[in-house]
Amino acid sequence: MATDAMQLPAARAGQRLGAPGLVATLTGQGLRSFSRNPIAVFFTLAMPLFFLAIIGALFGDVRVGPGGDVRLAQFFAPAMAVFGAVEAAFCVLAVDTALLRERGILLRMRGTPAPPWAILAGRIGAAAVVAMVSAAVVVAAGVTLYGVRVNWRSLPAAFATLLLGVACFAALGLAVVTVVRTSVAAQAFTNGILIPLAFISDIFAMSTSMPVWLERLGSALPLKHFATAFAHSIDPSASGAGLPADHLAVLAGWGIGATLIAWRWLAWEPRGSGGAVASGVAAPERGRVKPLRAVRVRRPSPWTSVRIQAGYALTGLIRDATAVFFTVIFPMLLVALMPVLTAGGADQRTEAARLMLPAMSAYGIAVAAYVTLPSGVAEARERGALRRLRGTPMPPWAYLAGRVAAALLVAAATVLGAAAVAVVGYGVRIEAGRLPAALVAIAVSVGCFAALGFAVLALVRRSQAITALTLGTLLPLSFFSDVFVIGADLPKALDVLGDIFPLKHAVHALAESLSAASTGAGFAWGDLAVLAAWSVAGMLVARRMSWRAEAS
């Protein structure tokens, strides 16, 4: 719900808005701003549906339970509904509130006659409506497509459970805003908490044999209780009123604690925005200012321009906590976490880490070159920076090459970090003689996904739409490209799709070079050829890329 503008509603002539009308109007404004943000719409509405569709295609016919008469979707659909609701109530609300504060909108609203509680209630109300819609859409898809059974008589209990869970995570989202400084930090912080927590809270990994300490950690935090309570409330085989008091009590406790923190420490003014004068730094004395002197400026070579642009892109990435998390930290986190969730001993965990290493490395490469790279270029285009660069002596290819070079360095850091986790944490062996093949696989994969990212830039003009499109294609593709689901018996259609698109070939090329079990020099020539073919196709489309911002 990132908001470009926010203002208090103006009452009609001779009419004064009461508290309910004020909250309702502010809620409506929050919903309108949400509908204009493709990224927020994707994470709260589209992504849970994508996950449900992919898991349904993979395990739609799997039946569990004592008699084998319950579909796995009966458990997975409510989990995905809860995930979408928490994305809206926790992540999107925290980012939206931090952005409003960052732009000074919250401070200006605080200076109006509207009470603070009404302003926050409007933000929470918008998040609650989006969360309810997301959960309803996912459950409806589960009922319609995957035979999920719902106890219609307990729908009031399901609604009450959703309402309490949304209120709990909305309070937690506002509590996060008390400790972060920017909206970017809020996005990295909330997603950095939610995604790992989903693996130990019966969202992404259900009925998995986890270490006792992870089970206890999941039971102490509220997400598992939210998912369990909501699944119980719609389960037709559950007894009682559908309101498990123990789970709801945990949600209430976390919600009350977070509310007290947010009410006490939530700041309304922008943080860290003072300049040199505002911070009390005195201007230099006139006598100490060195006189200006003429400096002969030489035109930099194209390769110097490439180096400068690569450094500029890396600096921007380092300052973007969200990009750093999803590109570098998230793949390392999954390499560290997924083997722990594997049932078995040390050998099984080492094998799981060996499989996860190339999968997460390829995913990090794709995020760096296919998601982050075009997003940064699109933002520069919207600011008019690309158009101004065309008027400089620097050739266009040097700018794009610098961006690709930065993506290559980030991808190499991602692979190196994931390899360090696998080697040090789980004893995975990597043959030094195959490191040249690994470097070739990384470079070819980065080139392929960068070309496809530039192709997206040629087809789509808005930066927010570009991020939604790239993430919206990468995440579903990861489920049938040996990234999130490895070695599963996929339906024939999904298996063919995985073979057509480049992500699976990037995984296999990295696996051939990083695995000690492979033979030869580690070059997967067939997979590298597919990646090269996609690179050529992407570059042909990217030739149409516009350097001008979209006319408003």
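Everything numeric here is computed off the predicted structure, so don't read it as measured data. One is the number of the first residue; the rest follow in order along the sequence.
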Which residues share a side-chain contact (heavy atoms from CB on, under 4.5 Å) with [X], sequence neighbours left out:
X    : answer
S183 : V95, A98, L99, E102
R388 : A385
V176 : F90, V180, F189, T190
A77  : L52, V148

Can you name the side-chain hydrogen bond (donor to acceptor under 3.5 Å, both in side chains) partners of [X], sequence neighbours left out?
X    : answer
T473 : Y370
D527 : H505
S375 : T467

- Query: Where do E512 and R434 land on the side chain to side chain contact (heavy atoms under 4.5 Å, CB included) test, with the steps shown first?
  - Reply: CA-CA 9 Å; E512 184 69 19; R434 298 194 184 95; over 6 Å; no

- Below 4.0 angstrom, N of the basic side chain to O of the carboxylate: do R429 and E431 qualify?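 A salt bridge links R429 with E431.
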
To the nearest 0.5 Å, tell me how far [X] [atom1] sits from [Y] [atom2].
X    : Y    : atom1 : atom2 : answer
I200 : E215 : CD1   : CD    : 10.0 Å
L197 : N191 : CG    : CG    : 12.0 Å
E87  : F169 : CD    : CZ    : 11.0 Å
S481 : L497 : OG    : CG    : 8.5 Å
L471 : L475 : CG    : CG    : 5.5 Å
I193 : C91  : CD1   : SG    : 8.5 Å

- Residues forming a salt bridge (charged side-chain N to carboxylate O under 4.0 Å, His left out) with E351, sequence neighbours excluded: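 E351 satisfies salt bridge (charged side-chain N to carboxylate O under 4.0 Å, His left out) with R354 only.
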
- Message: Working note: I308 + M394, criterion side chain to side chain contact (heavy atoms under 4.5 Å, CB included); need CA distance, chi angles, decisive distance, verdict.
- Response: CA-CA 11 Å; I308 293 173; M394 183 180 67; over 6 Å; no

Please report, to 0.1 Å, the donor-acceptor pairs under 3.5 Å made by any side chain of residues 407-423, with sequence neighbours excluded.
unit_1, atom_1, unit_2, atom_2, d
T414, OG1, T327, O, 3.1
T414, OG1, V410, O, 3.0

- Item | Check: L459 main-chain N/O paired with R544 side-chain donor or acceptor under 3.5 Å | no

- Message: I'd like to know if the side chain of Y426 reaches the main chain of A336, judged simply by a donor and an acceptor atom lying under 3.5 Å from each other, with no hydrogens or angles considered.
- Response: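 Yes.
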
- Task: For T304 and R307, run side chain to side chain contact (heavy atoms under 4.5 Å, CB included): C-alpha distance rounded to whole Å, both residues' side-chain angles, the deciding distance at 0.1 Å, then the answer.
- Result: CA-CA 5 Å; T304 302; R307 180 180 56 81; 3.5 Å; yes

Test item: [X] and [Y] side chains (from C-beta on) under 4.5 Å apart, heavy atoms:
X    : Y    : answer
D96  : F34  : no
R543 : M539 : no
V306 : Y399 : no
L400 : M545 : yes
Y363 : L474 : yes
I430 : L357 : yes

Looking only at heavy atoms, what is the nearest atom pair of [X] and [Y], with distance?
X    : Y    : answer
A88  : V130 : CB-CG1, 3.8 Å
A437 : A521 : CB-O, 3.4 Å
S478 : L503 : OG-CD2, 3.6 Å
A441 : L510 : CB-CD2, 3.9 Å
G84  : S134 : CA-OG, 3.5 Å
S445 : L531 : OG-CD1, 3.6 Å

- Residue list, ring pair (Phe, Tyr, Trp, His ring centres under 6.0 Å) with F501, at least two apart or on another chain: W534

- Item | Pairs involving residues 492-508, ordered by first then second residue, that meet salt bridge (Lys or Arg N to Asp or Glu O under 4.0 Å) (sequence neighbours left out) | D495-K504, D499-K504

Side chains of residues 447-454: which donor-acceptor partners sit under 3.5 Å, not counting sequence neighbours?
none

- Message: Apply side chain to side chain contact (heavy atoms under 4.5 Å, CB included) to residues V133 and T44 and explain how you reach the verdict.
- Response: CA-CA 9 Å; V133 171; T44 55; over 6 Å; no

- Message: Would you say OH of Y312 has more than 12 non-hydrogen atoms from neighbouring residues, nucleotides or ligands within 6.0 angstrom?
- Response: no

